[in-house]
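To start, the structure under review is shown below, and the notes come after it.
Each chain gets a letter, A, B and so on, in the order the sequences are listed, and its residues count up from 1.
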Amino acid sequence: MMTGATTLTLDSDPAGLADIQLRVDGLCRDAGCDSHSTFQLTLVVIEAVTNCIKHGYRGEPGHLITIDWRHTDDCIEIEIRDRGVPLPADVLSRTTMPPPEAEGGRGWPMILAWTDSAHIDRIGDENVLNLTRRC
Amino acid sequence: MALEHESRDGIDVVRLPDRLLMADAADARTQLKEILTGGNGRMILDLTRTEFMDSSACGALVGSLQTARKQGGDVYLFGMSNNVRALFELTRLHTVFQIFDDEAAALRAMH
């Protein structure tokens with residue numbers, strides 16, 4: 001497996017999610033991830049960026065989201081930053097999947113389930129989410 | 001995004017797109033509800049082309065299931081990829097939807 005790093009940026013517009021999905025899918029494949037890991041890690045990033053748009057920027061386009069991607073021989077590290085409001089405590093407290101009949105509340109539990117670590121901090125005026133996954 | 005839809009012996013068969021993300025999930029939820037309420041509440045969703053979906057899409061499918069069951073109907077799924085199946089298992093959606101390998105099996109079961 002090769003090592004590398006790249007930075008992706010996007011506007012806080014849900015219409016940009018499809019492009020991010022394709023780009024992260026490509027980064028995973030380039031890093032040597034198999035189909036399952038590629039799907040899962042791409043979904044983790046999409047859920048995290050969706051949280052930035054939905055909760056951080058309250059669905060308002062025109063704000064910056066940054067994704068820093070690094071991969072080493074055995075690990076992928078992703079840092080996602082936005083300048084919106086912090087993720088609500090009730091979202092972060094959902095560490096297990098809601099009942100299957102629930103219409104929402106799956107995003108953060110998905111992120112936790114399909115990463116080896118997920119930590120979110122408020123640094124200055126930024127929300128900084130750090131994710132790692134061994135591969 | 002317009003969902004492809006056809007009726008087969010009173011059962012609405014709807015083909016989902018190759019990807020379903022937050023940007024389109026609300027629209028998909030509205031279209032599925034309109035199809036269900038315009039029919040008899042029996043729907044089969046074709047996921048053959050669907051390579052990627054997120055939690056918003058899961059919510060849209062659960063919403064359609066609730067709409068169907070309020071009408072005394074149901075929503076069955078077929079053509080699920082291994083990756084989407086893993087998502088359904090993680091979220092336990094496989095416990096509330098009946099999932100089939102192909103359209104013929106789903107149609108037989110719904111009849």
- Message: Nearest 0.5 angstrom please: B:Phe52 CZ to A:Asp25 CG, how far?
- Response: 8.0 Å
- Query: Quick check: are there more than 12 heavy atoms from other residues, nucleotides or ligands sitting under 6.0 Å from CD of A:Glu126?
  - Reply: yes
- Query: Are B:Leu47 and B:Val62 co-members of a hydrophobic cluster defined by side-chain heavy atoms under 4.5 Å apart?
  - Reply: yes
- Query: When heavy-atom pairs shorter than 4.5 Å are enumerated against chain B, which of A:Ala15, A:Pro100, A:Pro99, A:Pro14 gives the highest number?
  - Reply: A:Pro100
- Item | Exceeds 12 heavy-atom contacts within 6.0 angstrom, atom CG of A:Asp125 | yes
- Report the option among B:Gly59, B:Ala60, B:Ser56, B:Cys58 that has the most heavy-atom pairs separated by less than 4.5 Å from atoms of chain A. B:Gly59
- Are A:Leu92 and A:Val45 in one and the same hydrophobic cluster, where Ile, Leu, Val, Met, Phe, Trp and Tyr link if side-chain heavy atoms are under 4.5 Å apart? yes
- Note on the structure: Cut-off 4.5 Å, heavy atoms of chain A, and the answer for B:Gln66 is side chain
- Message: Taking ring-ring contact (aromatic ring centres under 6.0 Å, His included) as the definition, give me every residue that meets it alongside A:Tyr57, ordered by chain and number, with sequence neighbours left out.
- Response: A:His63
- chain A-proximal positions within residues 86-95 of chain B [heavy-atom distance under 4.5 Å]: B:Ala86, B:Leu87, B:Leu90, B:Thr91, B:Arg92, B:Leu93, B:Thr95
- Transitively linked via ILVMFWY side-chain contacts under 4.5 Å: B:Phe78 with B:Leu65? no
- State whether the number of non-hydrogen atoms from other residues, nucleotides or ligands found under 6.0 Å of A:Arg134 atom CZ is greater than 12. no
- Query: Side chain, backbone, both or neither: which part of A:Leu43 has a non-hydrogen atom closer than 4.5 Å to chain B?
  - Reply: both
- Query: Of all the residues in residues 19-43 of chain B, which have a heavy atom that comes within less than 4.5 Å of a heavy atom in chain A?
  - Reply: B:Arg19, B:Leu21, B:Met22, B:Ala23, B:Arg29
- Report, by ascending residue number, the residues of residues 101-116 of chain A in heavy-atom contact with chain B at a distance under 4.5 Å; give 'none' if the set is empty. A:Glu101, A:Ala102, A:Glu103, A:Arg106, A:Gly107, A:Met110, A:Ala113, A:Trp114
- Query: Is there a chain of hydrophobic side chains (I, L, V, M, F, W, Y, each step under 4.5 Å between heavy atoms) that links A:Ile65 to A:Val128?
  - Reply: no
- Query: Applying the 4.5 Å side-chain criterion to the ILVMFWY set and letting contacts propagate, would B:Leu16 and B:Leu107 be lumped into a single cluster?
  - Reply: no
- Message: Can you tell me which portion of A:Thr38 sits under 4.5 Å from chain B's heavy atoms? Options are side chain, backbone, both or neither.
- Response: neither
